[in-house]
Structure formats: structure tokens, C-alpha cells
Amino acid sequence: MLTTILIILVVIIAAVLIYAATRPNDFVTARTASIKAAPEAIFPLINDFKRWPEWSPYEKLDPEMKRTLSGGESGKGAAYAWEGNAKAGKGRMEIVNSVPSSLVSLKLDFEKPFRANNSVDFTLKPAGDITSVTWAMRGSRPFIAKLMGLFMNFDTLIGKDFEAGLANLKRATEK
């Protein structure tokens with residue numbers, strides 16, 4: 001009886017591991033908001049890390065977070081490193097592409113609470129007096145993330161932060 005239970009348990013665990021291995025190797029999380037402001041009003045808040053406290057939901061995770069700005073003042077080459085509590089973690093991001101009023105691309109490297117190397121794009125597309133702002137993050141998904149993804153929806157978790165940040169951008173620019 002105990003042998004049968006152990007065999008069933010091993011088969012279930014093996015099935016979960018095999019299923020996790022079949023999950024996609026990459027992920028994309030993206031959210032879009034319509035903001036009643038010109039791209040020229042929104043772009044500077046994204047393109048300048050000194051302005052991120054005005055809208056980024058991640059800035060509020062740890063009031064004692066250590067921040068280090070380096071590289072250029074804004075745009076390509078500007079970098080932002082942080083180290084904070086367990087929620088904020090530790091990492092660095094650098095603007096790798098900046099097209100005025102239309103695109104800011106970041107290289108995002110996390111060290112804690114987990115190691116990850118992702119890319120982030122903020123895309124601004126005007127349509128009349130509305131600007132569609134998309135915040136997207138892409139990266140690879142190692143096996144442990146695939147396994148955890150069976151029990152947690154990372155798109156929903158990260159997506160909530162993106163939605164909050166876009167809502168903050170909206171409030172900061174719609175005046």
C-alpha cells in the first residue's frame with residue numbers, strides 16, 4: 001500500500017516537472033494605457049530616472065531604498081541602480097535606446113530576490129489628443145520560473161504594477 005502511494009506520488013511529481021519543462025522559454029508582460037496628454041509631456045518622465053519617483057510603483061516599495069544614478073542625465077546611457085528590502089530587491093537598469101517622444105528601451109538586471117536579465121520598452125503612440133503608452137517587459141524563463149509559473153501567474157503580478165505605474169503617469173501628465 002505504501003509502495004503504491006509512493007509510486008503515485010513520484011508519477012505526479014514527474015508529470016508536474018515534465019509539464020513545467022514544456023512551458024515557453026520566454027515571457028512577455030505588457031500593459032497599455034490611453035493618456036490624454038501629448039507624448040512630449042509623458043516622455044520626459046520615463047526618459048529621466050530622476051523623474052521616476054513621480055510615477056513608478058516600485059519607488060514606494062522601500063522608503064529606505066538606496067538609489068544610485070550614473071551615466072548621462074537622461075536618455076541613452078543613463079543608469080539607475082537600487083538596493084532595498086526584500087520587496088524592492090537589488091538591481092540595475094540602463095536606458096539602451098531613446099527615441100524622443102516615442103520609445104525608451106531599458107536593459108533591466110535583477111540580482112535579488114532572484115537573478116534575471118530582462119528588456120523593457122516604453123512605447124508612446126499619439127492619436128489626436130490621446131497618447132497610447134505601452135509598458136512591456138521581456139525575458140527568458142528558466143526552469144524554476146516555469147515551475148513556479150504553474151502555481152503563480154507572473155503576468156498578473158507584474159501586470160498590476162505596470163497598470164499602477166501607467167495610472168500614475170496618467171495622473172502626472174493629464175492636467
Exercise. Could you give the distance from OG (S119) to CG (N97), rounded to the nearest 0.5 Å?
Worked result: 11.5 Å
Seminar exercise, completed: Here the gap from E174 atom CD to D129 atom CG, rounded to the nearest 0.5 Å, amounts to 9.5 Å
Problem set entry | Whether over 12 other heavy atoms sit under 6.0 Å from K50 NZ | yes
Exercise. Just how far is it from atom CZ of F43 to atom OG of S98, taken to the nearest 0.5 Å?
Worked result: 3.5 Å
Exercise. Are L69 and V96 connected, step by step, through hydrophobic side chains (Ile, Leu, Val, Met, Phe, Trp, Tyr) whose heavy atoms are closer than 4.5 Å?
Worked result: no
Exercise. Between the main-chain N or O of N85 and the side-chain N or O of D62, is there a donor-acceptor pair closer than 3.5 Å?
Worked result: yes
Problem set entry | I35 side, atom CD1; K170 side, atom NZ - distance, nearest 0.5 Å | 6.5 Å
Seminar exercise, completed: Closest heavy-atom pair, G72 versus A78, reported as atoms and distance to 0.1 Å, is O-CB, 3.4 Å
Problem set entry | Pairs satisfying ring pair (Phe, Tyr, Trp, His ring centres under 6.0 Å), at least one member in residues 54-73, at least two apart | W52-W55, W55-F122, W55-W135
Exercise. Would one find more than 12 heavy atoms of other residues, nucleotides or ligands at under 6.0 Å from atom NZ of K107?
Worked result: no
For this session: Quick one: do S105 and D121 satisfy side chain to side chain donor-acceptor pair (under 3.5 Å)? Show the steps, please.
Result: CA-CA 4 Å; S105 296; D121 290 317; 2.6 Å; yes
Exercise. Should T123 and T32 be marked as a side chain to side chain contact (heavy atoms under 4.5 Å, CB included) after you check the CA-CA gap, both sets of side-chain angles, and the distance that decides it?
Worked result: CA-CA 9 Å; T123 308; T32 301; over 6 Å; no
For this session: Begin with the C-alpha distance, continue with both residues' side-chain angles, and end with the deciding distance and a verdict on salt bridge (Lys or Arg N to Asp or Glu O under 4.0 Å) for E83 and R67.
Result: CA-CA 7 Å; E83 185 170 0; R67 298 166 179 87; over 6 Å; no
For this session: Determine the minimum heavy-atom distance between P126 and P39, stating which atoms define it.
Result: CB-CG, 3.7 Å
Problem set entry | Test side chain to side chain donor-acceptor pair (under 3.5 Å) applied to S132 - qualifying residues, sequence neighbours left out | none
Problem set entry | Side chain to side chain, L166 and V133, heavy atoms closer than 4.5 Å | yes
For this session: State whether the side chain of W82 and the backbone N or O of A88 hold a donor-acceptor pair below 3.5 Å, judged by distance alone.
Result: yes
For this session: Evaluate the criterion side chain to side chain donor-acceptor pair (under 3.5 Å) for residue pair R92 and Y80; output intermediate values, then yes/no.
Result: CA-CA 6 Å; R92 182 180 187 277; Y80 174 108; over 6 Å; no
Exercise. Looking at I42 and A37, what are the two nearest heavy atoms and their distance?
Worked result: CD1-O, 3.9 Å
Problem set entry | Side-chain heavy-atom pair F162, T29 within 4.5 angstrom cut-off | yes
Exercise. Which other residues belong to the hydrophobic cluster containing I7, where Ile, Leu, Val, Met, Phe, Trp and Tyr are joined when side-chain heavy atoms lie under 4.5 Å apart, directly or via other members?
Worked result: V11
Exercise. Does the side chain to side chain contact (heavy atoms under 4.5 Å, CB included) test come out yes or no for N117 and L108, once each step is laid out?
Worked result: CA-CA 6 Å; N117 305 100; L108 175 60; over 6 Å; no
Exercise. For S74, what residues pass the side chain to side chain donor-acceptor pair (under 3.5 Å) criterion, not counting sequence neighbours?
Worked result: none
Exercise. Side chains of F49 and L106: does their closest heavy-atom pair fall under 4.5 Å?
Worked result: yes
For this session: Answer yes or no: is there a side-chain heavy-atom contact under 4.5 Å between E54 and E59?
Result: no
Problem set entry | Residues clustered with L2, ILVMFWY side-chain links under 4.5 angstrom | L6
Problem set entry | Side-chain heavy-atom pair M137, F27 within 4.5 angstrom cut-off | yes
Exercise. What's the verdict on side chain to side chain contact (heavy atoms under 4.5 Å, CB included) for F110 and N118, showing C-alpha distance, side-chain angles and the deciding distance?
Worked result: CA-CA 8 Å; F110 294 102; N118 300 324; 3.6 Å; yes
Problem set entry | Minimum-distance pair of heavy atoms, taken over all atoms of A38 and T131 | C-OG1, 3.6 Å
Exercise. Rounded to the nearest 0.5 Å, how far apart are CG of N47 and CD of E73?
Worked result: 11.5 Å
Seminar exercise, completed: Taken to the nearest 0.5 Å, the spacing of K90 NZ from F114 CZ works out to 14.5 Å
Problem set entry | Closest approach of P57 to A164 (non-hydrogen atoms, all atoms of both residues) | CB-CB, 4.3 Å
Problem set entry | Those residues that, when tested against R31, pass side chain to side chain donor-acceptor pair (under 3.5 Å) (two or more places apart) | D155, E163
Problem set entry | Smallest separation among heavy atoms of L61 and K87, with atom names | CD1-O, 3.7 Å
Exercise. Side chains of L103 and L124: closer than 4.5 Å at any heavy-atom pair?
Worked result: no
Exercise. Is the number of heavy atoms from other residues, nucleotides or ligands within 6.0 Å of NZ (K60) greater than 12?
Worked result: yes
